[in-house]
Peer 1: 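Quick one: the structure is below, and I'll ask about it shortly.
Scope of the values below: all heavy atoms of this structure, side chains included, with no hydrogens, waters or symmetry mates.
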Amino acid sequence: MNFSSKKWLISRRYALRSLGATIALPMLDCMRAAETSAARPKRSVFIYLPNGVNTRDYQIQNSGADYELSEPLKPLEKHRAHITPFSGLYHPNGLGHHHNCRKIWLSGGNLGVTAKNTISIDQLMARVTAPQTRFSSLELANKGGALAVNGDGITLPAISRPKVVFQYLFEEPKGGVEQQRRELSRKGSILDANLDEAKALRMKVGSEDRDRLDQYLTAVRETEIRTERADAWLDIPRPGIDPKDKSRVNRDVAQEDPGEYFRVIYDLIVLALQTDLTRVATFSTGEEGQGLPIPELEINQSRHALSHHNGNPDLLRQLTQSDAFNVAQFSYFLTRLQETKDADGPLLDTTMALYGSGMAYGHSHGNASLPLVLAGGSKLGLKHGRHVDFNREAADFQGYDQHKGIHHRPVNEKAHLSNLLLTLAQKMDVEAERFADSTGIVSEITA
């Protein structure tokens, strides 16, 4: 074979079309070389924990590289070289809100206020990665809405049942390609009509209404683009799945068995990333104000009930157990990313995974100094191995024992969570210098 001619390079779409995708096909070297370096997969996953944590047990006491993981975070010890726990980050617009923290966790927007920065960071990333994947993003949620918010501030629908997730990703919809194409064509015709009407109306309204129409026109154009992309993917077979993988994830798992349920969802996310069906995913592990009980640990109350412990030692103990259990499932996800390889090595090296909550101290709805852990992404320019504690940068910080209200009011008012989100967005090639109320990037994690 004459490698100097580069005729051996093939695109991934060509390979899928030619092979009929009879088995899950990761990115191979010959496919990867056919893409520009800018198109090489960069992936992001965001995972939400509702109702905060038991802050007394969760808080890491020392910062820097020599930190000791707190009891609920111990399951992450084996991933220590690939994680960064944060303390002190918060959303200024989230202070004072109670059970709506999930809705602004990735957007930093004002709840109930129409603003141009309501889009969540994952959807900004998806705008960059969408041209390379069948699905621009994947939205999953145990119960309730997704974490993802579109440019109009609308929460995107989410899938909760593992079997439905598998069918959505890996099975052709009923009716075949031609029916799908007809449906997309009808959708395109409706979009064209709406665009024509909106453009005509724009010439007749005032400036404020014109701004609203411009936002609408942008949303319609984005829908048009997604529709065209969906049509282009119709002739490309979906990736097949190894029978062992299929039997593990193509099934319904009762949410009353949360450990098994979480692991199957995490396996599905790994498969979606490995086969390059998408490069952006979000998973809300529970609805604020609810949260799964954990019968396998004999925890029969919801996380919401446990979070309102009123100092009850038994409830506090169970909340810490619940925190550790949920962190252990996240650790399982990181292990799967580390074990799964593509042409660039472990998926973990090209995947940034942010885990955490939009609330800190659930008992009285304190939502400053949010519990957050960032993992992976070493080949995207991230460095790990330290506890980054923004609270300790405040001049008046005297230690956690002296700051009883630290989870209700920020100690370091400059420590905006939007700074971290902006940093991650830039690593995903989003061309932005600001996001929501960001004031800069988090240089502590950039290589």
Side-chain angles (χ1 to χ4, degrees), residues 26-27 40-49 53 58-60 62-89 106 121-122 125 262-263 265-274 279-283 285 323-357 370-390 417 419-421 423-429 441-447:
M27 295 292 271
R40 294 165 83 91
K42 298 180 177 183
R43 309 167 174 105
S44 288
V45 180
F46 299 91
I47 302 164
Y48 190 79
L49 179 70
V53 295
Y58 179 96
Q59 181 61 56
I60 298 172
N62 49 341
S63 61
D66 296 328
Y67 74 95
E68 181 179 351
L69 284 164
S70 61
E71 190 63 31
L73 293 173
K74 289 288 188 185
L76 293 173
E77 185 66 50
K78 62 182 176 180
H79 299 294
R80 187 184 184 93
H82 303 286
I83 65 169
T84 298
F86 292 94
S87 295
L89 290 173
L106 296 181
I121 204 69
D122 62 293
M125 295 174 174
F262 286 148
R263 289 188 290 272
I265 289 292
Y266 285 137
D267 284 340
L268 283 163
I269 296 174
V270 170
L271 280 173
L273 299 178
Q274 180 190 13
R279 298 178 186 178
V280 178
T282 56
F283 176 35
T285 66
D323 293 341
F325 173 87
N326 281 275
V327 170
Q329 312 316 308
F330 177 57
S331 179
Y332 169 84
F333 176 57
L334 298 184
T335 298
R336 292 285 292 113
L337 289 174
Q338 183 67 35
E339 294 171 343
T340 305
K341 305 293 194 295
D342 70 358
D344 279 332
L347 285 182
L348 185 61
D349 291 350
T350 55
T351 303
M352 300 183 295
L354 181 64
Y355 180 88
S357 183
L370 300 175
L372 299 163
V373 178
L374 178 65
S378 62
K379 290 189 177 178
L380 276 59
L382 295 183
K383 62 181 181 182
H384 295 294
R386 301 172 58 215
H387 169 215
V388 178
D389 190 347
F390 290 100
L417 174 52
N419 293 342
L420 176 60
L421 300 180
T423 307
L424 303 185
Q426 291 182 355
K427 295 301 181 183
M428 290 288 289
D429 298 323
I441 64 168
V442 179
S443 59
E444 289 86 348
I445 59 169
T446 56

Peer 1: Quick check on side chain to side chain donor-acceptor pair (under 3.5 Å): which of Glu444, His384, Arg386 does Thr84 satisfy it with?
Peer 2: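 Single side chain to side chain donor-acceptor pair (under 3.5 Å) partner of Thr84 among Glu444, His384, Arg386: His384.
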
Peer 1: What are the two closest heavy atoms between Ser357 and Leu49, and how far apart are they?
Peer 2: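 Taking Ser357 first and Leu49 second, the nearest heavy atoms are OG-O, 2.7 Å.
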
Peer 1: Is the shortest side-chain heavy-atom distance between Met125 and Arg279 below 4.5 Å?
Peer 2: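 No, too far: nothing below the 4.5 Å cut-off.
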
Peer 1: Using side-chain heavy atoms (C-beta onward) and a distance below 4.5 Å, is Leu89 in contact with Val388?
Peer 2: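 Leu89 does not reach Val388 side chain to side chain.
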
Peer 1: Using 0.5 Å steps for rounding, measure from the NE2 atom of His79 to the CG atom of Leu348.
Peer 2: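 These two atoms lie 7.5 Å from each other.
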
Peer 1: Does the side chain of Thr285 come within less than 4.5 Å of Phe330's, by heavy atoms?
Peer 2: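 Not in contact.
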
Peer 1: So, using salt bridge (Lys or Arg N to Asp or Glu O under 4.0 Å) as the criterion, who are the partners of Arg263 when residues are at least two apart?
Peer 2: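 By the salt bridge (Lys or Arg N to Asp or Glu O under 4.0 Å) rule, Arg263 matches Glu260.
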
Peer 1: Which is it for Ile47 and Tyr266 under the side chain to side chain contact (heavy atoms under 4.5 Å, CB included) test, yes or no, and what are the steps along the way?
Peer 2: CA-CA 10 Å; Ile47 302 164; Tyr266 285 137; 3.4 Å; yes

Peer 1: Can you say whether the rings of Phe390 and Phe86 are parallel (under 30°), tilted (30 to 60°) or perpendicular (over 60°)?
Peer 2: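 Aromatic pair Phe390/Phe86 classed parallel.
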
Peer 1: Under the rule for salt bridge (Lys or Arg N to Asp or Glu O under 4.0 Å), what residues qualify as partners of Glu71, not counting sequence neighbours?
Peer 2: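 Per chain and number, Glu71 pairs via salt bridge (Lys or Arg N to Asp or Glu O under 4.0 Å) with no residue.
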
Peer 1: Quick one: CD1 on Ile121 to OG1 on Thr282, what's the gap to the nearest 0.5 Å?
Peer 2: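 Rounded to the nearest 0.5 Å, the CD1-OG1 separation comes to 13.0 Å.
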
Peer 1: Compare all side-chain heavy atoms of Phe46 with those of Leu424 and state whether any distance is below 4.5 angstrom.
Peer 2: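 Counting from C-beta outward, Phe46 and Leu424 do come under 4.5 Å.
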
Peer 1: Can you list everything that forms a side-chain hydrogen bond (donor to acceptor under 3.5 Å, both in side chains) with Ser63? Sequence neighbours excluded, please.
Peer 2: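 If we apply the side-chain hydrogen bond (donor to acceptor under 3.5 Å, both in side chains) test to Ser63, skipping adjacent residues, there are no hits.
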
Peer 1: Indicate yes or no: at least one non-hydrogen side-chain atom of Leu337 is less than 4.5 angstrom from one of Val45.
Peer 2: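 Result no, sub-4.5 Å side-chain heavy-atom pair not found.
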
Peer 1: Find the distance between CD (Glu77) and CG (Leu69) and round it off to the nearest 0.5 Å.
Peer 2: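 These two atoms lie 5.0 Å from each other.
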
Peer 1: How far apart are the closest heavy atoms of Pro75 and Ala328, and which atoms are they?
Peer 2: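 Distance-wise, the nearest heavy atoms are CB-CA, 3.7 Å.
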
Peer 1: List for me each residue that meets salt bridge (Lys or Arg N to Asp or Glu O under 4.0 Å) alongside Lys78, sequence neighbours excluded, and say none if there are none.
Peer 2: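 Counting only residues at least two positions away or on another chain, Lys78 forms no salt bridge (Lys or Arg N to Asp or Glu O under 4.0 Å).
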
Peer 1: For Thr340, which residues count as a side-chain hydrogen bond (donor to acceptor under 3.5 Å, both in side chains) partner, sequence neighbours excluded?
Peer 2: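 By the side-chain hydrogen bond (donor to acceptor under 3.5 Å, both in side chains) rule, Thr340 matches Arg336.
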
Peer 1: Over all heavy atoms of both residues, which pair between His387 and Pro85 is shortest? Give the atoms and the distance, please.
Peer 2: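 Scanning both residues completely, I find the closest heavy atoms to be CD2-O, 3.3 Å.
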
Peer 1: With rounding to the nearest 0.5 Å, note down the distance linking OG1 in Thr351 to NZ in Lys42.
Peer 2: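 These two atoms lie 12.5 Å from each other.
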
Peer 1: CG/Asp267 to CZ/Phe262 distance, rounded to the nearest 0.5 angstrom?
Peer 2: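 It is 13.5 Å, given to the nearest 0.5 Å.
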
Peer 1: Check whether any side-chain heavy atom of Thr350 sits under 4.5 Å from a side-chain heavy atom of Pro41, and report yes or no.
Peer 2: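 Contact flag for Thr350/Pro41 side chains = no.
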
Peer 1: With sequence neighbours left out, what residues match Asp66 under side-chain contact (heavy atoms from CB on, under 4.5 Å)?
Peer 2: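 side-chain contact (heavy atoms from CB on, under 4.5 Å) list for Asp66, sorted by chain: empty.
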
Peer 1: Which pair of heavy atoms, one from Gln59 and one from Ser70, lies closest together, and at what distance?
Peer 2: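 Looks like O-CB, 3.9 Å.
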
Peer 1: With a 4.5 Å heavy-atom cut-off, do Val327 and Leu76 have their side chains touching?
Peer 2: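 The answer is yes; the side chains approach within 4.5 Å.
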
Peer 1: In sequence, state the C-alpha distance, the side-chain angles, and the governing distance for Met428 and Val280, and then conclude on side chain to side chain contact (heavy atoms under 4.5 Å, CB included).
Peer 2: CA-CA 10 Å; Met428 290 288 289; Val280 178; 4.3 Å; yes

Peer 1: Walk me through it: do Val53 and Asn326 pass the test side chain to side chain contact (heavy atoms under 4.5 Å, CB included)?
Peer 2: CA-CA 10 Å; Val53 295; Asn326 281 275; over 6 Å; no

Peer 1: Report yes if some heavy atom in the side chain of Asp342 is under 4.5 Å from a heavy atom in the side chain of Leu273; otherwise report no.
Peer 2: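 No - every pair of side-chain heavy atoms lies 4.5 Å or more apart.
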
Peer 1: To the nearest 0.5 Å, tell me how far Leu374 CG sits from His82 NE2.
Peer 2: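 The distance works out to 13.0 Å.
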
Peer 1: Are any of the side-chain nitrogens in Glu68 or Arg80 under 4.0 Å away from the carboxylate oxygens of its partner?
Peer 2: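 Between Arg80 and Glu68 there is no salt bridge, as every charged N stays at least 4.0 Å from the carboxylate O atoms.
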
